[in-house]
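Step one of this worksheet: look at the structure below.
Start at 1 and go down the list; that is how both ligands and their atoms are numbered. Residue indices begin at 1 and follow the sequence shown.
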Amino acid sequence: MGRFDGRVAVVTGAARGIGFGTAQRFAEEGASVAVIDLDESAAGEAAAKLPLGEGQKAIGIGCDVSDTESVQSAVDRVVDELGGIHILVNNAGVTRDNLLFKMTDEDWDVVMGVHLRGAFLMTRAAQKHFVEQRYGKILNLSSVSALGNRGQANYSAAKMGIQGFTRTLGIELGPYGVNANAIAPGFIATEMTDATARRLKMEPEELRKMNADHNPVRRVGQPEDIAAAAAFLCSDEASYVTGQTLYVDGGAKLG
Ligand code: NAD
């Protein structure tokens, strides 16, 4: 018996990184999974790698989460092809880091568009099904950068916005059997943090070591660390937990 037997989970930005790790974990625990990402073939390849048992399915869907029509048709496809929707993980993300005086309108708009508008559009489309069936789990990806991070005025604002969004979903949807929570990861070894290293003219390994040396648990995080917390928050064991943001960061922001 898996915790997600008979459930359908949708994970955005799941072609790689934290999203893929989370999709894998849901599949391992019995869910059918829709991998959503910008490029349909990358999403399909990721879906094909998921471990599936009897009766489980995985599909890859190309979708830009910041686009209303693209989101509506993706959610419609999930319901048609997988027979419903029970779990939504709003994980798709981008960075456009720059100090404030160099940050362009586009740097701001792209980050707000993917993180905040994307989470809003996906959640609005999914909640219709959640409310009708009186069951749903929403998990949003925030970040330790929500607490402030040099060069990330846009990303930090979006990630703190995600926390307010999550709290409000908790209040509005709680009466309909829907839980909404967020995870705020610290440094996780993915393509996103490797790209940050390259921008800082460092080797990815060098940036990982620097972060590990300054972290109370002396290591960086892996997608599996986030996936484990995601599985708990989206399971029925967490049905009395809602509106919360769980920092999964090895204690990075403790001081
Ligand atoms: P990643 O760059 O490895 O993966 C992000 C995925 O999102 C990619 O597959 C990308 O194609 C997809 N994506 C981007 N824009 C999209 C759009 N408009 N529509 C659909 N898909 C889109 O990043 P990651 O490190 O795995 O991060 C996943 C989430 O976790 C993000 O929300 C990120 O902000 C957050 N996060 C990451 C870290 C970290 O250290 N890696 C820390 C805190 C929070």
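Among residues at least two apart or in separate chains, side-chain hydrogen bond (donor to acceptor under 3.5 Å, both in side chains) pairs with a member in residues 27-43 are R3-E29, R25-E29, D39-S41, E40-R77.
For Y155 and H115, the ring centers sit closer than 6.0 Å to each other.
Ion pairing between E191 and R198 holds under the 4.0 Å rule for side-chain N and carboxylate O. With respect to D236 and K137, a salt bridge is recorded, a charged nitrogen being found less than 4.0 Å from a carboxylate O. The pair K128-E132 meets the salt-bridge criterion, with a side-chain N (NZ, NE, NH1 or NH2) lying under 4.0 Å from an Asp/Glu carboxylate O. D97 and R199 are joined by a salt bridge, as a carboxylate oxygen and a charged side-chain nitrogen come within less than 4.0 angstrom of each other.
Near ligand 1, G13, R16, G17, I18, D37, L38, C63, D64, V65, N91, A92, G93, V94, V114, H115, L141, S142, S143, Y155, K159, P185, G186, F187, I188, T190, E191, M192, T193 each place a heavy atom less than 4.0 angstrom from the ligand.
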